[in-house]
Structures are given as C-alpha cells and as structure tokens.
Amino acid sequence: MTEAIRADDHPTRPGGAARAPAVRITALTKDYTSRKSGTVRALDAAELAIAEGEFFTLLGPSGSGKTTLLRLIAGFEHPTAGRIDLAGRDVTALPPHRRDVHTVFQDYALFPHLTVEQNVAYALTVRGVRKAERLARAREALATVRLDDHARRRPAQLSGGQRQRVALARALIDRPALLLLDEPLAALDRRLRHELQGELSRVQRETGVTFLLVTHDQEEALTLSDRLAVLDHGRLVQTGPPKDLYEHPATAFVAAFLGTTNLLGGDTAVRLTGHPGTYSLRPERLRIAAPGTPDATPRPGERTVPGRITGIAHAGAHTRLTVRPDPDGTELTVLRLNTTALPDTARPGALVHLLWHTDDARRLPD
Ligand code: ADP
Ligand code: MG
C-alpha cells in the first residue's frame, strides 16, 4: 500500500501559502539490465512527496532499492519511467549539476591530498569564488559540524566520525535545497554512530535544509526522522511518522522490520485473539504474571492465555523472555522492563500467564 502525501499537507509557513514539496516522485521506476542477471526492477512505481525542511528517511534492507532512489533524485541514474520534481520543478531530464542537491556517501569520498578546509571549500573553488571568501565560508561550515579547530589537518589525521563530519560540512557549504545521505553512519561503530546521529539531527534543525537519509538501521530511522518510508523489493510499502509506522504497520514486513514483533497467524491467532487473520503483537506489549498472583487477573480490555517460559535473557535494564502458550505452538517473545527485579520463580519451564490489551494485537492485511 503506497500512501503519498499532498504538498498542502505540509504548509511550511504558518498562515502563508503552502510551498511545493522539496521532492516529489511520481510513478518512478528503474530497471537495470545486465547480461548476467537479465532485467532487475530496482524501483517499482514509487510515489513520494517530501516537504521542505523535513528530515525524511528511506528505510529498507540491503538490495531494496534505497541507493537507486537516491541516485535517481541526484541525477546519477536516469529512470526507466516516471518523474522527479524538486521544489516544484521537473528535473527528470536534467543532469546532476543542474539540480540543487548534494550527496553524502558512506565512504566520505574526501580528497586525501587536500586539507580539511580545502576539502570543504572544494565546491566554491570549482565555482571560482575568491580565496578569502572560500576559507571564511569553509570555517563557518566546519563550525556547524564543530570541527573548526581541525581545519588544517588532512583526512588521514582524522577519525572516521570526524571525516564524516567533514563530508557533511562540504555538502552543506553552499546550502543546497536538498541533502541526500546514503548510509553515512554505516561504517562507524555503535558509540560513534549514536554521536553522529545526534549531530545530523542538530545540523538539520539549525540549517533547515531538507534531509533525505537512507539507512537499513531501524532505530536510526525511528529516532531521527520527521517521517520515513519503508522500501521492500523496490516498492514503497508505507510512509508516515515513525510512531504511526511502528504502531500501525501496514504489512508484516513493516512490522517485523521496524523493531521486533510476534506475528500471529493460523491457529495461534485464533487461540490468542479469538479471530482468524494475521496479527502483530509487540514484545513490550506482552506481560507475564505468576499464576495466582493479583497481576495474573486481566485488567479491563486484556486477554490472557497460560504458557510456559522457554527462555530468559537478562540484558540489564530489560529482560527478554520467550513463552510458549501451546505445547507445540508458536513461541512468543516478551520484553520486560526491569523496574523491579524478576522473581526467582520465573525460570525456564515455569507456568505463567501471558496478558496483553486486545488493541495491541494489530490486524495486518492478509
Ligand atoms: P540498496 O541501496 O537498498 O541496498 P540498491 O538500490 O543498491 O539497493 O539495489 C537495488 C537492486 O538493484 C539490487 O537488486 C541490486 O543488485 C540492483 N542494482 C543496483 N545497481 C545496479 C546496477 N548498476 N546494475 C545492475 N543492477 C543493479
Ligand atoms: Mg545502498
């Protein structure tokens, strides 16, 4: 199910006229043909509108068509069919340099023989901007990413995170209308990735530039984006704010890709929900209680089934348990926040009650 937004869903000035979206994609399709694998449809009739100033994320597994969509928007690839408008202008036939777009890649693509400030000023050098102005603006861009004290170093003297900040400063120096970021943090370790995520968010807010970020990291997509779109095999399957997609996934793929979920189907669905169909029930919406305790009594709107604990993994702040409601049926994952210690009686083999609110078992299309 593709859900395109209209430009006037996002008026950018309070009380003022709605502007054309920063990006509008219409029925965009891309086929690659090679002798080895024949024709591959990398993007299939994609529809999308991104508002000016939005932090928008494309989320999908490897091979789902994310890079293809970015390259089409940047103009490095030509679509098989469809149309691309940037800020209300049809750019489908225009070369990359005629589009007001910059791209940040995963591998930084910095010039090793140039200093940090020369790298950042590169676009201005090409355009013939005078040296004094070039350097002043490079310093300003470096201050935006908090690297002004590293201006004279060369890329080899920087950490991976710092190099990516340089790449970001370079891409922002002439304030493009749109910045495309293709998995810019994928090569960084977890701690640095978190730090740079905060940095991306801050820089986007401070500059107001429209960001289109590509990632396969669901947590990154959920925490950074105003809205996101999920790509599955070249199809945009759902678009919306992170919370909407997480709470109301349109497909089993979206439910499972955005976090962890219990997918209920067949007899398990009937047993647990009372109805046939396919359901998504998030682990954090399930709770367990020992039989005979007050917590084992369902609260209003809750359903309950007995089950046996099959596994317990303590992870500090939370515990991840698996519980089997049927002797030979599906195993469910339960996420328990350890605001109080888990009783010692909760161990593999123990009988428990599983409880959840009926609204939390979300019906998915069949
Ligand atoms: P992602 O960035 O989500 O990993 P891509 O856009 O790189 O996905 O690739 C989408 C699909 O298109 C994949 O099946 C990939 O193998 C194929 N593809 C990408 N680029 C080319 C190309 N230049 N030639 C042939 N096939 C390609
Ligand atoms: Mg890619």
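When a ligand or atom number is given, it counts from 1 through the structure's own listing order.
For ligand 1, the polar-atom distance check against Gly65 finds a nitrogen or oxygen pair separated by under 3.5 Å. Ligand 1 has no N or O atom lying under 3.5 Å from any N or O atom of Glu77, backbone or side chain. When only interatomic distances are considered, the shortest N/O to N/O separation between Gly63 and ligand 1 falls below 3.5 Å.
Residue contacts with ligand 1 include Ser64, since one or more of its heavy atoms lies under 4.0 Å from the ligand. At least one heavy atom of Pro61 sits under 4.0 Å from some atom of ligand 1. Between Ser34 and ligand 1 there is no heavy-atom distance shorter than 4.0 Å.
Protein heavy atom at the shortest distance from atom 7 (O) of ligand 1 is Thr67 CB, 3.8 Å. Nearest non-hydrogen protein atom to atom 27 (C) of ligand 1 is Tyr32 CD1, 3.2 Å.
Distances below 4.0 Å separate heavy atoms of Ala42 from the following atoms of ligand 1: 10 (C), 11 (C), 12 (O).
Residue-environment remark: NE2 (His357) exceeds the threshold of 12 foreign heavy atoms within 6.0 Å.
No side-chain donor-acceptor contact under 3.5 Å links Arg320 to the backbone of Ala313. In this structure, Arg152 contributes its side chain and Val116 its backbone to no donor-acceptor pair below 3.5 Å.
Using a 4.0 Å threshold on non-hydrogen atoms, atom 4 (O) of ligand 1 counts as touching the protein. Taking a distance limit of 4.0 Å, we find that atom 22 (C) of ligand 1 is approached by some protein heavy atom.
Ring to ring, Phe111 and Tyr122 are close: their centroids are under 6.0 angstrom apart.
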